[in-house]
Structure formats: C-alpha cells, structure tokens
Amino acid sequence: MRALDHPQLSSVSLSDALAALADPTRRAIVRVLTDSGEHLAGDFDLGVAQSTLSHHMKKLRQGGITRSRPEGTRCWVSLRSEFDDRFPGLLHTVLSLDADT
C-alpha cells in the first residue's frame, strides 16, 4: 500500500478544516473516531459505497482531522490528537451543533 499524505497542521486553515467537516457523512465518521481508537473502514456503517467512503476519508485527512495508517491491505484511521491543539474545541463544537439539529 502506498504512503498517504498528511498535511502539516500549520498549513491547514480554519476554512480547510470547516470544509472537511461540512459534509454530514464526514461528521458521522468523526463522531465514530471520537472514541480515541483506530478504526477500519468496516467500522463505519454509513450506507455509502466503499469508493465514497474512501473519498470522505481523503477529505478528512486533507483537512488535517484524521491520520490514516496503512498496514498490509488494511488502513487504520484515527483522529489526529494534535488537531485539537491547532483548533481547540472545534470538533466538539461542530459535532454538538450537529446533534442539536
């Protein structure tokens, strides 16, 4: 499996992060990842095709929110702990607002 690019968080703007969180499917992925664990694609029962899930995972990675760790034919995904240092409380705020609707 090829290496995956992860942006330096210093280069991720608030607009980049918010764009990554704009989609409800991506917010659902982040909600699963808030347990602080690593997850495989099979852990996300979102009712979307594998190609669509891969697209959403890429957008979250490009937005600096997630880290993907390839291992053989699998890819483990987790939240980047340092994201909250860059944008304190952003994930919590966005997810809590989403829950209110």
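Computed from a predicted structure; not experimentally measured. If you read the sequence from its start, that first residue is 1, and numbering goes on from there.
Atoms CG and OG, on Leu18 and Ser13 in that order, are 8.5 Å from each other to the nearest 0.5 Å. Note that CG of Leu90 and CG of Leu95 are 9.0 Å apart. Values are rounded to the nearest 0.5 Å. For the atom pair CG of Asp35 and CG of Leu33, the computed distance is 7.0 Å after rounding to the nearest 0.5 Å. Taking CZ of Arg69 as the start and CZ of Arg74 as the end, the distance is 11.0 Å to the nearest 0.5 Å. A distance of 11.0 Å separates CG of Asp85 from CZ of Arg80, quoted to the nearest 0.5 Å. Atom CD1 of Ile29 and atom CG of Leu79 lie 11.0 Å apart (nearest 0.5 Å).
Comment: Arg67 engages Glu82 in a salt bridge, judged by a side-chain N to carboxylate O separation of less than 4.0 angstrom.
Of all the heavy atoms in Ser68 and Val77, the pair that sits closest is OG-CG2, 4.0 Å. When all heavy atoms are compared, the tightest approach of Ala20 to Ile65 is CB-CD1, 3.7 Å. Nearest heavy-atom pair across Leu9 and Gly64 is CD2-O, 3.5 Å. Taking each heavy atom of Ala22 and Arg27 in turn, the nearest pair found is O-NH1, 2.8 Å. Nearest heavy atoms, Thr25 versus Asp23: N-OD1, 2.7 Å.
Listed by first then second residue, pairs satisfying ring-ring contact (aromatic ring centres under 6.0 Å, His included) with a partner in residues 54-84 read Phe83-Phe87, not counting sequence neighbours.
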Would you list the atom pairs, donor with acceptor, under 3.5 Å between side chains in residues 42-52 and any protein atom, with sequence neighbours excluded?
residue : atom : partner : partner atom : Å
Asp43   : OD2  : His39   : ND1          : 3.0
Asp43   : OD2  : Leu40   : N            : 3.1
Gln50   : NE2  : Ser54   : OG           : 3.3

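Although no hydrogens or angles enter the test, the distance criterion places a donor-acceptor pair under 3.5 Å between the side chain of Arg86 and the main chain of Val12. Formation of a donor-acceptor pair under 3.5 Å by the Ser78 side chain with backbone atoms of Gly37 is not found in this model.
Under the side-chain contact (heavy atoms from CB on, under 4.5 Å) criterion, Thr93 pairs with Leu97, sequence neighbours left out.
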